[in-house]
Amino acid sequence: MHFRWRARHDLLSRHAVTSSFSTAWLRGDASALSFLPDDYRHREARARAVAAAASRTVSPTLMDVLAAQNARLAPSPARERNLALLARPGTVAVVTGQQMGLFLGPLYTLYKAASAIVTARALREETGRPCVPVFWLQTEDHDLPEIDHCVLPRPGGGPCRLALELPDAAASRAPIAHRHLGPSVLPALATLRAELEAEPHAEEFLSLLERAYRPEATLAGAFTDVLSSLFADEGLVFLDPRDARLAPLAAPVHRFALQEAEALSSVLAARAEALTHAGYTVQVHVRPGSPLSFFSPDALDGPRYRMDPAEAGAWSLVGHPDNSAITQDALHAALEREPLRFTTSALLRPLLQDTWLPTAAYVGGPGELAYFAQLAPLYAHAGRPMPLAIPRARFRVLDDRARRWLDKVGLQPDEVNVPRDTLLTRLATRDAPESLETPEALEARLFGAFSSELERVAGQVSAVDANLQDALRRTQGTVRVAVSRLTGRYRRALARRDATAAEQVDRLRTFLFPEDAPQERVLGLPYFACRIGTRAFTRLVLDACVPFSGDSKDLTP
């Protein structure tokens with residue numbers, strides 16, 4: 001998944017200001033580096049990470065399952081070669097992962113996969129060791145509202161949001177692996193075709209989506225079919241952990257999480273405390289005494305629940321409608337008989353991943369980098385080395401339409417990343433006569449002159465009647481409110497001054513800063529694949545990825 005996290009309110013309440021860990025880490029702040037080293041920047045550290053990973057091998061059982069899972073995907077000689085390499089001692093993996101977003105979800109899904117491929121290639125060239133890119137499918141997660149939609153830019157208006165109609169999406173706790181698309185995917189595909197069929201490369205990509213996204217298909221299956229087709233030439237390997245054949249391999253990790261629950265929650269809480277005191281937002285909430293596993297009590301494909309300590313030797317299932325509890329002995333017995341009832345949390349997943357794979361590096365987005373800062377105590381307690389944490393590539397696509405609209409309005413791309421009213425006001429005042437004041441200047445001039453005059457009057461009336469001071473203060477407050485209201489109306493008038501500019505700004509924001517967020521976090525692939533070409537856009541992204549960088553770049557097809 002691109003993961004969902006909650007901050008620790010009890011800790012954050014002690015600090016009025018928190019900041020983004022990933023932002024500080026990417027710029028090399030010493031405080032951030034004390035929690036997560038930036039070893040990915042240094043060739044010697046990269047070589048050490050590769051050498052450490054090369055000492056581990058993939059189990060024959062996992063290799064058999066990987067071969068079977070990947071055999072059902074788009075044909076790829078490159079993927080077959082990478083699977084053969086992964087079975088050999090000395091091969092290492094570069095791993096990334098993501099939730100199963102509708103029609104691949106936001107653009108950063110593609111950027112993560114491309115970053116893993118380019119990173120694996122670079123590590124292989126640097127060290128001479130075989131290195132395979134692996135995409136870990138986040139099928140154990142259950143957060144449907146995060147993945148049940150896809151957003152398109154509309155050249156003539158606001159964004160178009162396509163969504164599946166899943167009645168129990170908000171309340172569902174079942175792993176994504178078991179969710180089928182259902183009949184509502186058909187109108188979503190029809191809308192997609194209606195919106196994009198006029199684009200020059202629409203048929204190629206829309207046909208690919210229509211073959212994969214069928215009502216009887218699962219969210220995970222359709223997602224994997226499409227993404228594997230995009231990167232067939234690069235040999236990207238896919239791993240779905242929600243497989244009955246792999247459950248026994250996951251059991252030791254869940255057993256460790258259960259047996260060490262109290263100790264792990266203690267060291268992880270201390271880590272969260274340290275991050276908070278350093279001024280960073282804590283990404284993953286740690287429940288006191290709770291294991292890092294979820295448990296599905298009702299069915300193997302049923303809802304999963306967190307566990308909290310109850311009376312001695314028992315656990316309560318958080319959110320279970322029957323307020324169910326389970327004893328420690330029963331939980332361990334279930335783990336022996338039916339390990340598929342257990343799934344990982346956001347913090348436990350990396351440990352499972354690196355138990356199964358010879359992971360030299362994990363490629364993640366800003367949120368994942370932030371929770372990686374919490375992981376060192378977990379890995380230390382498990383006696384395992386952490387892989388390199390490497391930031392994925394970050395891109396903003398400036399196609400011919402966006403560049404044309406930028407030229408018309410006379411803006412640079414970065415200038416669009418502000419609230420709409422602010423941007424419209426800037427444009428209005430920039431293009432207005434020099435005598436036309438900004439709202440801020442008008443408010444300062446009007447209220448400043450009145451305040452100065454009021455101070456002079458205050459000196460005069462105090463000699464007449466001291467009680468008049470209260471009246472002056474009330475008058476000052478009334479005038480401040482009136483001037484503020486007038487300034488607001490003036491600001492809105494400026495914003496409405498040029499309707500054409502407003503339309504162009506809305507178009508630009510739909511493309512570059514939709515929903516007040518970076519393009520890559522909101523817009524999906526379909527528009528860009530249909531306009532630029534599926535392989536052409538994928539190739540553009542791959543060519544623009546700079547290994548071990550983490551910089552943000554503009555893509556100009």
Side-chain H-bond candidate by donor/acceptor type, Gln353 with Tyr362, under 3.5 Å: no
Which distance, rounded to the nearest 0.5 Å, do you find between the CG of Leu351 and the CE of Met386? 10.5 Å
Would the distance check show the side chain of His180 and the main-chain N or O of Glu216 forming a donor-acceptor pair, the cut-off being under 3.5 Å? yes
Could you give all pairs that pass the side chain to side chain donor-acceptor pair (under 3.5 Å) test and reach residues 61-75, with sequence neighbours left out? Gln69-Asp243, Arg72-Asp225
Are the charged groups of Lys112 and Glu368 less than 4.0 angstrom apart, N to O? yes
Assess the residue pair Val94 and Cys131 against the criterion (side-chain contact (heavy atoms from CB on, under 4.5 Å)); give the C-alpha distance rounded to whole Å, side-chain angles, the decisive distance to 0.1 Å, and a yes or no. CA-CA 7 Å; Val94 171; Cys131 189; 3.5 Å; yes
Contact between Thr109 and Phe223 at the side-chain level, heavy atoms closer than 4.5 Å - yes or no? yes
Looking at side-chain heavy atoms only, is the closest gap between Arg121 and Glu125 below 4.5 Å? yes
Would a distance-only check, ignoring hydrogens and angles, find a side-chain to backbone donor-acceptor pair under 3.5 Å from Arg306 to Phe294? no
Flag the pair Pro518 / Tyr108 as yes when at least one side-chain heavy-atom distance between them is below 4.5 Å, and no otherwise. no
In the structure I gave you, are the side-chain heavy atoms of Trp356 and Val253 within less than 4.5 Å of one another anywhere? no
Give me the atom names and distance for the closest heavy-atom approach of Arg193 to Leu206. NH2-CB, 3.6 Å
Distance to the ring centre below 6.0 angstrom and angle to the axis at most 45 degrees; does that hold for Arg401 and Phe511? no
Run the numbers on Arg161 and Glu195 for salt bridge (Lys or Arg N to Asp or Glu O under 4.0 Å), then give the verdict. CA-CA 11 Å; Arg161 191 177 190 273; Glu195 290 285 335; over 6 Å; no
Students often mix this up, so state it plainly: with edges at 30° and 60°, are the rings of Tyr111 and Phe395 parallel, tilted or perpendicular? perpendicular
Within the side chain of Gln519, is there an N or O that forms a donor-acceptor pair under 3.5 Å with the backbone of Val397? yes
If I take atom CZ from residue Phe528 and atom CG from residue Leu196, how far apart are they, to the nearest 0.5 angstrom? 10.5 Å
Verify the neighbour count for atom CD of Glu165: are there more than 12 heavy atoms of other residues, nucleotides or ligands below 6.0 Å? no
Is there a side-chain contact (heavy atoms from CB on, under 4.5 Å) between Arg287 and Val318? Walk through the geometry before answering. CA-CA 11 Å; Arg287 305 177 73 94; Val318 180; 3.7 Å; yes
Salt bridge Arg349-Glu140, side-chain N to carboxylate O under 4.0 Å: no
Would you compute the distance between atom CG of Leu110 and atom CG of Leu542 and round it to the nearest 0.5 angstrom? 7.5 Å
Could you walk me through whether Val546 and Asp551 pass the side-chain contact (heavy atoms from CB on, under 4.5 Å) test, one step at a time? CA-CA 8 Å; Val546 177; Asp551 294 338; over 6 Å; no
Measuring from Leu181:CG to Leu219:CG, what's the distance to the nearest 0.5 Å? 5.0 Å
Please answer whether the main-chain N or O of Leu340 pairs with a side-chain N or O of Arg242 as donor and acceptor at a distance below 3.5 Å. yes
Do you know which two heavy atoms are closest between Trp315 and Pro291, and how far apart they sit? CZ3-CD, 3.3 Å
Do the non-hydrogen side-chain atoms of Pro514 and Arg521 ever get within less than 4.5 Å of each other? no
State the CG-OG distance between Leu26 and Ser552, to the nearest 0.5 angstrom. 10.5 Å
Taking 4.0 angstrom as the limit, do Asp399 and Arg531 come out as a salt bridge? yes
Short side-chain to backbone donor-acceptor contact, Trp25 and Leu369, under 3.5 Å: no
Quick check, are the ring centers of Phe238 and Phe135 under 6.0 angstrom apart? yes
Phe103 and Tyr213 aromatic ring geometry - parallel, tilted or perpendicular at 30°/60° bounds: perpendicular
Do Arg48 and Asp39 sit within salt-bridge range, that is, some charged N less than 4.0 Å from a carboxylate O? no
Any side-chain heavy atom of Thr344 within less than 4.5 Å of one from His254? yes
Please determine whether a side-chain nitrogen of the Lys or Arg among Arg304 and Asp141 lies less than 4.0 Å from a carboxylate oxygen of the Asp or Glu. yes
Under a 3.5 Å distance rule, please check whether Arg394 uses its side chain to pair with a backbone N or O of Gly550 as donor and acceptor. yes
Plane angle bin for Tyr280 and Phe21 - parallel if under 30°, tilted between 30 and 60°, otherwise perpendicular: perpendicular
Give me the atom names and distance for the closest heavy-atom approach of Ala74 to Ser229. CB-OG, 3.6 Å
Heavy-atom closest pair, residues Gly235 and Ser76: CA-OG, 4.1 Å
Counting only N and O atoms by type, is there a donor-acceptor contact under 3.5 Å from the side chain of Trp136 to the main-chain atoms of Val95? no
Does a side-chain heavy-atom distance below 4.5 Å link Met307 with His320? no
Distance, nearest 0.5 Å, that separates CG of Leu268 from OG of Ser290: 11.5 Å
Closest heavy-atom pair, Ala544 versus Lys553, reported as atoms and distance to 0.1 Å, is O-NZ, 2.9 Å
Side chains of Leu239 and Leu246: does their closest heavy-atom pair fall under 4.5 Å? yes
Can you list the residues that meet the side-chain hydrogen bond (donor to acceptor under 3.5 Å, both in side chains) rule with His201, with sequence neighbours excluded? none
Closest contact, heavy atoms only, Asp143 versus Ile176: N-CD1, 4.3 Å
Polar side-chain atom of Thr96 near backbone of Val363 as donor-acceptor pair, under 3.5 Å: yes
Is there a donor-acceptor pair closer than 3.5 Å between any side-chain N or O of Arg384 and the backbone N or O of Tyr379? no
Please assess Val541 against Thr538 for the test side-chain contact (heavy atoms from CB on, under 4.5 Å), listing each intermediate value before the final yes or no. CA-CA 5 Å; Val541 171; Thr538 304; 5.9 Å; no
What residues, two or more places apart in sequence or in another chain, satisfy side-chain hydrogen bond (donor to acceptor under 3.5 Å, both in side chains) together with His42? none
Tyr305 (side chain) donor-acceptor with Arg173 (main chain) under 3.5 angstrom: no
